[in-house]
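To start, the structure under review is shown below, and the notes come after it.
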Amino acid sequence: MNLATIKALIDSMAGSSRTEAECQEGAWTLKLTRTMPGTETLQQAARDGVPDEVSSQVVSPLYGIVHLQPSPDAPPFVSPGQKVAIGEPLCVIEAMKVFNHVTSERAGTIEAIVIGNGEEVEVGQLLMSIS
Amino acid sequence: MNLATIKALIDSMAGSSRTEAECQEGAWTLKLTRTMPGTETLQQAARDGVPDEVSSQVVSPLYGIVHLQPSPDAPPFVSPGQKVAIGEPLCVIEAMKVFNHVTSERAGTIEAIVIGNGEEVEVGQLLMSIS
Amino acid sequence: MIRPAFTKVLIANRGEIALRILRACKSMGLHTVVVYSQADRSASYVALADQALCIGPAPASQSYLDQTALVLAAKASGAGAIHPGFGFLSENADFAVRVEQAGLVFIGPTPDNIRDMGDKISAKRLMIEAGVPCVPGPNHALDFDYDKSCALAHEIGYPVIIKAAGGGGGKGMRIVTQEAGLRDALSLTREEARRAFGASDIYMEKYLAHPRHIEIQVLADGKGHALWLGSRDCSPQRRHQKMLEEAPAVAIAPEIISQIGARCVAACERLGYRGLGTFEFLMEDGAFFFIEMNTRLQVEHPVTEMVTGIDIVEQQIRVALGEPLALRQSDISQRGHAFECRINAEDPETFAPSPGVISAWHMPGGPGVRIDSHAFAGYRVPPHYDSMIAKLIVHGDTRDIALRRLALALDEMNIEGIKTNLPLHRAFVRDPQVIAGGVDIHYLESWLKEASWTKDQHHGS
Amino acid sequence: MIRPAFTKVLIANRGEIALRILRACKSMGLHTVVVYSQADRSASYVALADQALCIGPAPASQSYLDQTALVLAAKASGAGAIHPGFGFLSENADFAVRVEQAGLVFIGPTPDNIRDMGDKISAKRLMIEAGVPCVPGPNHALDFDYDKSCALAHEIGYPVIIKAAGGGGGKGMRIVTQEAGLRDALSLTREEARRAFGASDIYMEKYLAHPRHIEIQVLADGKGHALWLGSRDCSPQRRHQKMLEEAPAVAIAPEIISQIGARCVAACERLGYRGLGTFEFLMEDGAFFFIEMNTRLQVEHPVTEMVTGIDIVEQQIRVALGEPLALRQSDISQRGHAFECRINAEDPETFAPSPGVISAWHMPGGPGVRIDSHAFAGYRVPPHYDSMIAKLIVHGDTRDIALRRLALALDEMNIEGIKTNLPLHRAFVRDPQVIAGGVDIHYLESWLKEASWTKDQHHGS
């Protein structure tokens, strides 16, 4: 069982919503499980949802810092209850001085925003949901 | 779940006869199992045996190369069926040009020699058994 | 004022340069205080310092740019000096004043030095006075009279470039190739300057089409003595970000570069300059044109260290300790050739940043190979700061040997878990033009556009 | 005979020195063939070579010492030369002959050079002829007449040492402090010599009580031109194994060391010596006594590279290519000071070997720091070979700076999964006598016996 294999397994789990993984190499079997804090069902749904439909879950495309407002003094991009159209900006993820705009992939109403302004988010972490 | 922890777990398993280990850290649970090739029950016995008795199992004290003869032309230190006394040399484990003598910790008869001359052995790997 | 000696240095920076400064302090027997943001608490150099203080949350504005917190941290830890590194507050004259007012030593130039060179027009005026060659164009801001500007452009000769006086790093500048476009360019740049930099001053210069970026490293003790430590070529740039640097600059006659070096030294002495500085030039057809002076330690300082054998950071600290320069110009020799690759956590094709956990970290070694990095296997590259995670510096007796060593070192280097620009470097150092030497500042971007390198990389060995 | 040029080198060694030689070849644009035993198949340098061939199972006798396999591998891969590294076949004159007979270049001295220096008595005779100072004692084997030996011991003065002519590395030698012990010592050593080395020749020398181990690196082109590249002090030894080396040797007057260097050069020219070599001396009370010459590249060569700026392996290969030395003695400068720590996979207290998988591997960096190692995180250190897994080499402008850099680099270095002698090095470089410089060859062993270092280490920072 080498560390690179294990690392790859952990990474693939961390970057996904899987809560259990198993791998075998020679005589060794490794089983890895985790419980997801709070948002796990939403997040799982975000990834495991019906593939033909645009997901109602907005996840972060990269590891970075969330900005819910275009600038510190400006109002937020969106608020719960607000209607959004396809392509409408939802938030910005900042990484290493580069600002990545996250836009809506569906039309609908903002249901919930599950992260706070300025928080660090992982790749694939749930940001908000759109009904 | 960090790699150092996992590595420590694997190392401690590799150096022992355990076939299952589990550890938990935050939301993660890691379960590691292995099947031991052939000798597992003997080896397990060697470590898990009644602690007050001197084990009948001779295991390697280090990672190295086994020499069953004192020199290439000489007869082997011991052969199956041969009686041995406490302190009698059984084999030599060579590591990095240093020769480590393995001596018998009990009086008895050599039952089986389970490694071949010149083979690499891990720490704790079964070498021979003494009845 | 007699500058107080100090025995403890607060390092007001992060990442590889914080570790670089720590190493210099330790080699001199100085004590070190490292300050760090919450995002950097597990950085390796934090544990190596004699003292370490958390100065705030991850955003730089609340930690590495917080002047009050830094001065307080220095006072609280008993540090006698602050080293600002590069970036952050390193060229902030107000911070330098504040440090000195707190009775501490600012390891860098005087506040006046920083201010003089921070304004491009004033810097150019001072350089012309000191005999440092500048880009053709007046050493003052343009006034609002269009006809005068038009006559000036005619005098300089098209193409010309219109720049905001307060700009830099490629922002607030506009190239004009013929008279027809001049009026718009003037008003647009002036408006941009006003918006971006709060001052509408703009100036005009000759635009150079295929220049190389050549720079001269200087070191001055602020006591009337200055040295130049050779040249560097930092032409390979993408969006004004340097990627590959070398020392010395190739294909420049020694007498030409010596003349430029001597002028830089004269300018330092005239300015009463103190500490490290870099004179940046564009060079075209053998002629040098001053563009700006950086009044701080630079990312690419190691290539100069490799060829001169001088620990530049140590010298910088000695000047701050009030020591007169022990070196003389005749002591400065240049041995062999050195390269530096900036290794960034970014996608080598899209340049998208790639912060995250480094799962594998294998560094090259051997003769002439130097690694400056704070990263390690298991290190989490934070998303809050810039993407440079390591510098690979390689020296050889000839440029040829250095370049071959560099190619091998890049092959040996392996970083996993995040994306890096290593594949880009591996391809670029094998490019025939790079091997030949002397590419201009546009070469890297045009080479990237051809995009053949990715194929080479994937199909190559 | 005109020596053929070659463009491909077979590296007949393993571990860090195989990688070191590979790096030198690559920097020169030479192609490389790496040979490896089954135990080394996953070594990093195997993948870096242009070609790699497995030459046999793990035991060295069936792989790295298999002359037939090595010559065949060279022929099969089209290599024009074989570099033997150090250890293994590097000082085997018969192998050198065989390589040359196969029409290949042996990167090393001539077979005669190797033979001449391999026998201690013949080496001493040649040194005396060349004016290299030797330990008092005759340059020939003792005959069997006890009275003559007794008179000789009286003439040299007690204590004397009786050595087997074929011995080395501390084996086959016996110290005699007074006449009473002489007869037994003579017969015991003679018997030992016969048994261990197959020849009963023994000789007698003055015994030195507190010598330092000082050596001179030489480089000769075999065309009548030789150079000496400065001195090294390798006194810190445990059981004749060097642990910490430095260049130059401290507290020796420059004119003394120059004189010794010049004598070594004269000896090389007289011997028609070719390639790299090291003259090893004991030094006591300012006097030098030749002990042996190593006719190969040495483990500690990097400290000389750091202070001279010369790539010693490259020079060695250039000589093998038939190039006359381009360097002159006046080109050889010494800049600053360098140290090398041998990092071994062994228990730092018991010295029990510790092969196995390296789980964490964090190397230091920055100015003046060089790592020569083939290991990496995940590498399995095989139990078949010696325990050295890395060399940490550090340079500084002064011995003081180099030593402080060394201490920090050792602190930065972190190896997990196996035991290493890092804690020992960390404590030893902080020992006041080591800091003062000039400890004798017994110092490390007596320091280890005091055993206070382990406590310091555990209670210290």
Side-chain angles (χ1 to χ4, degrees), chain C residues 16 19-20 22-29 44-45 47-48 50 301-302 305-306 309-314 333 335-336 360-374 376-379 390-391 393-398 400-409 411-412 414 461, chain D residues 16 19-20 22-29 44-45 47-48 50 301-302 305-306 309-314 333 335-336 360-374 376-379 390-391 393-398 400-409 411-412 414 461:
Chain C
E16 71 82 23
L19 179 54
R20 171 70 188 89
L22 182 141
R23 283 168 173 157
C25 291
K26 292 258 181 182
S27 80
M28 299 171 72
S44 58
Y45 55 88
L48 293 171
D50 298 306
H301 77 275
E305 293 185 324
M306 298 301 266
I310 294 168
D311 183 328
I312 286 179
V313 184
E314 179 196 321
S333 59
R335 176 160 201 161
W361 180 260
H362 183 77
M363 292 296 110
V369 174
R370 166 176 165 187
I371 305 290
D372 276 28
S373 176
H374 62 298
F376 51 88
Y379 176 67
K391 301 192 298 205
I393 306 122
V394 170
H395 181 262
D397 262 0
T398 64
D400 217 39
I401 288 176
L403 205 46
R404 286 213 203 89
R405 277 188 179 161
L406 179 59
L408 179 65
D411 287 349
E412 288 186 40
N414 180 38
S461 69
Chain D
E16 70 82 24
L19 179 54
R20 171 71 188 87
L22 182 141
R23 284 168 173 158
C25 291
K26 292 259 181 181
S27 80
M28 299 172 71
S44 58
Y45 55 88
L48 293 171
D50 298 305
H301 77 274
E305 294 185 323
M306 298 300 266
I310 294 168
D311 184 328
I312 286 179
V313 183
E314 179 195 322
S333 60
R335 176 157 200 163
W361 180 260
H362 183 77
M363 292 296 110
V369 173
R370 167 176 164 187
I371 304 290
D372 276 28
S373 176
H374 61 300
F376 51 88
Y379 176 67
K391 302 192 296 205
I393 305 120
V394 171
H395 181 261
D397 261 1
T398 65
D400 217 37
I401 287 176
L403 205 46
R404 286 211 202 89
R405 278 187 178 161
L406 179 59
L408 179 65
D411 287 349
E412 287 186 40
N414 179 38
S461 68

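Reckoned from all heavy atoms, side chains included, excluding hydrogens, waters and symmetry mates. Just so we're on the same page: letters track the sequence lines, and every chain starts at 1.
Of the listed residues (D:R23, D:M306, D:R20), the greatest number of heavy-atom pairs within a distance under 4.5 Å of chain C belongs to D:R23. Among the candidates C:G29, C:G366, C:S44, the residue making the largest number of heavy-atom pairs closer than 4.5 Å to chain D is C:G366. For the options C:G309, C:P302, C:A377, C:A402, heavy-atom pairs under 4.5 Å to chain D are most numerous at C:G309.
Heavy atoms of C:E314 lying under 4.5 Å from chain D belong exclusively to its side chain. For D:P367, the parts lying under 4.5 angstrom from a heavy atom of chain C are both the backbone and the side chain. Heavy-atom distances place no part of D:L403 under 4.5 Å from chain C, backbone and side chain included.
Between atom CG of residue D:D397 and atom OG of residue C:S27 there is a gap of 9.5 Å, rounded to the nearest 0.5 Å. Rounding to the nearest 0.5 angstrom, the gap separating the CG atom in C:L22 from the CD atom in D:E412 is 8.0 Å.
Ion pairing of C:R405 with D:D311 is present here, as a side-chain N (NZ or NE/NH1/NH2) and a carboxylate O approach within less than 4.0 Å.
You'll find the side chain of C:R370 stays beyond 4.5 Å of the side chain of D:V369, heavy atoms only. Between C:R335 and D:S333, the closest side-chain pair of non-hydrogen atoms falls below 4.5 Å.
Considering C:W361, C:Y379, C:F376 as possible partners of D:H362, the one that fulfils the ring pair (Phe, Tyr, Trp, His ring centres under 6.0 Å) test is C:F376. Checked against C:K26 for a side chain to side chain contact (heavy atoms under 4.5 Å, CB included), the options D:L408, D:I401, D:D411 give a single hit: D:L408.
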